Amino acid sequence: MVGAPRFRFAPSPTGFFHVGGARTALYNWALAKRTGGTFVLRIEDTDEARNQPEWTQGIIDALEWIGISRNDPTFEGPYFQSQYANEHVAAAERLHAAGHAYYCDLTPDQIQERAKQSGKPGYDGYSRDRGLGPGPGRVLRFRVPEGVTVVNDLVRGRVEFQNETIEDFVLLRGNGSPMFLLANVIDDVSMRVSHVVRAEEHLPNTPKQQLLWEALGHEPPVWAHVPVLVNEQRKKLSKRRDKVALEQYRAEGYLASAMINYLMTLGWAPQGETEIVPWSKIQDEFRLEDVNHSPAFFDLKKLAAFNGEYIRAMSLDDFITACQPWLTGTDVPWTAAQYRPEIFRALAELVQTRIVTLSEVPQLVDFMFLDAPLVDETSWSKTFGSADGVAMLRSGRDALVSCDWNAEALKSAVEAAGSNLGLKLGKAQAPIRVAVTGRTVGPPLFEALELLGRDAVMKRLDAALAKLG
RNA sequence: GCCCCCAUCGUCUAGUGGCCUAGGACACCACCCUUUCAAGGUGGCGGCACGGGUUCGAAUCCCGUUGGGGGUGCCA
């Protein structure tokens with residue numbers, strides 16, 4: 001390897017951008033940044049029916065979100081694999097000319113039939129020495145040499161493959177188009193990639209690709225296969241079964257910083273007593289050699305905990321800014337005219353310690369903006385199912401009608417009304433809370449009442465009393 | 001079936017032959033604080049898969065077993 005290292009991230013645009021892909025990208029990014037190398041983004045969009053152009057933009061946006069910006073000098077690309085098909089085919093022809101590959105006219109069915117008869121699975125090398133030329137329906141296969149292929153992997157160490165267990169894989173399809181193994185290697189060669197850091201599922205491909213590098217006359221890159229991310233069943237995270245779309249987490253109010261930090265600690269840990277660390281520390285310390293070897297469970301609870309930590313660590317202004325999309329978006333329960341930024345600002349600090357994702361913000365403050373609270377039936381029946389609750393509501397209403405209007409005075413008034421009924425403050429505030437906010441839980445009550453104002457509060461207390469008969 | 005990878009608390013991990021009576025974090029439990037809920041504080045529960053070696057000494061090295069996972073396409 002000469003010069004600065006060149007890493008690459010090569011996703012295929014076949015769906016929403018996956019958290020596993022995000023972690024792989026982040027690993028590559030951290031390495032490229034620390035070593036003064038380059039991060040090459042290559043979209044592997046080779047003629048696959050599943051590819052959709054919008055997914056490509058999704059990848060770029062998602063990378064941007066987690067700090068992998070195409071405007072950063074470390075970033076190179078995106079390149080699109082489909083644009084290099086000619087090079088892939090030319091390389092395949094060179095391989096053929098040099099005797100490293102040969103054409104075969106067997107159909108998949110015929111191959112299967114032969115495998116069945118011989119009792120050995122896979123392609124048996126039937127056309128190796130038939131000297132076929134190219135033609136419609138004929139695939140080009142790589143002639144796997146005899147011997148042993150040793151893959152030196154930065155994460156796994158030395159991995160040995162007996163070449164006889166590697167079948168003569170397809171380079172060019174019957175229609176002449178290049179296959180993944182070939183295209184991937186050719187692009188890595190021409191983009192001068194020095195380090196291939198990818199998920200473990202590619203490890204079985206690696207001896208084939210290494211053989212290709214060698215047949216092409218190049219020194220193979222440094223390989224590193226990081227463990228896959230798994231679900232609670234310990235199966236590889238899948239788009240079908242699991243919630244894996246990075247975009248979805250973003251939409252639910254996860255912070256990029258929390259997501260980045262969490263993803264980096266799956267399979268690796270920074271030095272010290274805490275895993276919550278700034279990106280700069282991650283970038284300084286991350287080493288492939290330190291990556292764990294076993295699959296890592298993508299734990300929503302831990303992600304949530306990280307997110308809560310990051311939310312609480314924000315300055316008040318940053319927090320308020322971050323909340324904007326959840327306050328002024330199209331799916332909030334109040335109208336734009338009802339929303340009062342100064343009210344939210346006054347309450348923001350109390351909201352900040354009570355949420356794990358930003359999407360939980362509206363339910364904590366909706367009663368401040370709506371004319372009448374959204375009543376949670378469970379809260380209502382639990383609170384007013386007893387005579388105590390109703391009595392307290394009545395007595396609380398009478399106390400609030402004339403007291404001073406600030407949080408301290410409101411608290412005292414409710415406390416006094418409660419003690420007359422033999423209720424402690426915890427019990428006494430509940431009926432007021434439900435009548436005013438619609439729920440048994442929420443931000444500290446008296447601060448909210450103060451902000452809401454006497455008129456609005458009395459209106460709600462009276463409405464609740466009327467409803468109770 | 002075949003090939004390959006892996007194995008420390010439930011989970012993510014620290015640990016690279018003596019500092020380990022195995023450390024931290026999430027989760028869980030208890031207590032404190034408290035106007036609900038959180039947050040915060042304190043404490044607790046809980047692990048080196050098993051069996052053989054090697055060594056004065058093994059979570060750390062070797063072998064086997066068992067158990068997981070990945071791959072096995074004219075997908076990427």
Side-chain angles (χ1 to χ4, degrees), chain A residues 10-14 44-51 81 104 106-108 111 119-123 137-141 151 153 155-157 159-162 164-167 169-177 179-181 183-184 199-207 225 227-228 230 232 234-236 262 265-276 289-290 292-299 301-306 308-309 312 350-356 364 379 407 410-411 414-415 418 424-430 432-434 437 439-447:
Chain A
S12 60
T14 57
E44 306 223 322
D45 58 348
T46 37
D47 82 340
E48 162 65 48
R50 295 177 298 163
N51 287 335
Q81 185 160 72
C104 175
L106 252 33
T107 65
I111 291 169
K120 290 176 184 168
Y123 179 70
R138 293 184 179 178
V139 301
L140 183 67
R141 286 183 180 269
V151 170
D153 189 292
V155 173
R156 322 242 151 216
V159 185
E160 218 177 87
F161 296 86
Q162 298 298 321
E164 61 195 22
T165 66
I166 306 171
E167 71 172 28
F169 53 95
V170 174
L171 261 19
L172 255 28
R173 299 188 181 87
N175 66 8
S177 66
M179 289 277 294
F180 158 73
L181 251 12
N184 190 265
E200 188 191 350
E201 64 208 64
H202 289 288
L203 189 51
N205 288 328
T206 309
H225 290 89
V228 294
V230 298
E232 42 288 303
R234 298 245 124 218
K235 300 282 188 208
K236 190 172 73 160
Y262 177 63
T265 64
L266 251 21
W268 177 80
Q271 287 172 29
E273 294 291 67
T274 175
E275 291 175 322
I276 307 268
E289 294 84 339
D290 297 335
N292 245 46
H293 297 184
S294 359
F297 172 49
F298 186 78
D299 187 353
K301 282 194 177 156
K302 191 159 180 180
L303 204 214
F306 270 48
E309 289 259 9
R312 277 172 255 125
L350 302 177
V351 171
Q352 195 171 0
T353 54
R354 269 161 254 264
I355 57 169
V356 153
L364 242 30
S379 296
L410 291 165
K411 179 182 171 184
V414 171
E415 203 162 20
K424 289 187 174 171
L425 189 51
K427 284 279 185 191
Q429 58 89 44
I432 314 291
R433 177 183 292 280
V434 173
T437 75
R439 302 186 183 89
T440 50
V441 303
L445 183 61
F446 305 113
E447 289 76 358

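If you're wondering where the values come from, they're calculated on a predicted model, not measured in any experiment. Just so it is clear: chains get the letters A, B, ... in the order the sequence lines come, proteins before strands, and each one is counted from 1.
Atom NZ in A:Lys236 sits 10.0 Å away from atom CD in A:Glu200 (nearest 0.5 Å).
Taking atom C1' on both B:rC48 and B:rU60, the two are 10 Å apart, rounded to the nearest angstrom. Rounded to whole Å, the C1' atom of B:rG51 lies 27 Å from the corresponding atom of B:rU13.
When heavy atoms are screened at a 4.0 angstrom cut-off, A:Glu447 is found touching base atoms of the nucleic acid. Counting any heavy atom pair closer than 4.0 Å across all strands shown, A:Gly267 reaches sugar-phosphate atoms only and no base atom. At a threshold of 4.0 angstrom between heavy atoms, the contacts of A:Leu266 are confined to the sugar-phosphate backbone, with no base atom among them. Among the heavy atoms of the strands, none lies under 4.0 Å from A:Phe169. Counting non-hydrogen atoms under 4.0 angstrom, A:Val139 reaches a base of the nucleic acid. Using a 4.0 Å heavy-atom distance criterion, A:Asn184 is classed as making no nucleic acid contact. As judged by a 4.0 angstrom heavy-atom cut-off over every strand, A:Phe446 is placed among the base-contacting residues. A:Glu160 comes within 4.0 angstrom of the backbone, heavy atoms only, and of no base. At a threshold of 4.0 angstrom between heavy atoms, the contacts of A:Arg138 with the nucleic acid are absent. Within 4.0 Å of A:Pro295, counting heavy atoms only, lie sugar-phosphate atoms of the nucleic acid but no base atom. Across all strands shown, A:Ser294 has heavy atoms under 4.0 Å from sugar-phosphate atoms exclusively, and none from any base. Within 4.0 Å (heavy atoms only), A:Glu275 reaches at least one base atom of the nucleic acid. Within 4.0 Å of A:Pro443, counting heavy atoms only, lies at least one base atom of the nucleic acid.
To the nearest angstrom, P of B:rG70 lies 18 Å from NE2 of A:His293. Going from atom CZ of A:Arg156 over to atom P of B:rG70 covers 13 Å, rounded to whole Å. Nucleotide B:rC75 holds its P atom 5 Å from the CE atom of A:Met179, rounded to whole Å. Straight-line distance from the CD atom of A:Glu201 to the C1' atom of B:rC75: 12 Å, rounded to whole Å. One can place CD1 of A:Ile166 at 12 Å from P of B:rC3, the figure rounded to the nearest angstrom. Atom-to-atom, CZ of A:Phe306 to P of B:rA25 comes out at 11 Å; the value is rounded to the nearest Å.
A close approach under 4.0 Å does not occur between any side-chain nitrogen or oxygen of A:Arg234 and OP1 or OP2 of B:rC6. Between A:Thr46 and B:rC75 there is no side-chain N or O to OP1 or OP2 distance below 4.0 Å. The side chain of A:Lys236 places an N or O atom within less than 4.0 Å of a non-bridging phosphate oxygen (OP1 or OP2) of B:rG71. Distances shown here put every side-chain N or O of A:Asn205 at or beyond 4.0 Å from the OP1 or OP2 atom of B:rG70. Taking side-chain N and O atoms only, A:Lys411 has a distance below 4.0 Å to OP1 or OP2 of B:rU35. Contact annotation: A:Arg173 reaches the phosphate of B:rC75 (side-chain N/O to OP1 or OP2, under 4.0 Å). For B:rC2, the OP1/OP2 oxygens have no side-chain nitrogen or oxygen of A:Lys120 closer than 4.0 Å. In this structure, A:Arg312 reaches the B:rG40 phosphate: one of its side-chain N or O atoms is under 4.0 Å from OP1 or OP2.
Panel note: side chain A:His225, backbone A:Glu201; no donor-acceptor pair is recorded below 3.5 Å.
For B:rG1, the paired nucleotide is B:rU72, the pair qualifying as Watson-Crick or G-U wobble because both relevant distances are below 3.5 Å. Using Watson-Crick or G-U wobble geometry with both donor-acceptor distances under 3.5 Å, B:rC28 finds its partner in B:rG44. The partner of B:rA7 is B:rU66, by the rule that a Watson-Crick or G-U pair needs both atom distances under 3.5 Å.
Between A:Tyr262 and A:Phe298, the gap from one ring centroid to the other is short of 6.0 Å.
When each of A:Pro121 and A:Ser12 is assigned the nucleotide of RNA chain B bearing its nearest heavy atom, the one mapping closer to the 5' terminus is A:Pro121. Comparing A:Leu425 and A:Thr165 against RNA chain B, the residue whose closest nucleotide sits nearer the 5' end is A:Thr165.
Evaluation of atom-type donor-acceptor distances gives no pair under 3.5 Å for the side chain of A:Lys301 against the base of B:rC26. No hydrogens or angles were tested; on distance alone, nothing pairs the side chain of A:Glu200 with the base of B:rG71 as donor and acceptor under 3.5 Å.
Put simply, the side chain of A:Leu445 does not reach to within 4.5 Å of the side chain of A:Val414, judged on heavy atoms.
Within a 6.0 Å sphere centred on CD of A:Gln271, other residues, nucleotides and ligands contribute 12 heavy atoms or fewer.
Only one option out of A:His202, A:Glu44, A:Gln81 pairs with A:Asn184 in a side-chain hydrogen bond (donor to acceptor under 3.5 Å, both in side chains); it is A:Glu44.
Across all non-hydrogen atoms, the minimal contact from A:Arg156 to A:His293 is NH1-O, 3.2 Å.
A donor-acceptor contact closer than 3.5 angstrom links the side chains of A:Arg173 and A:Ser177.
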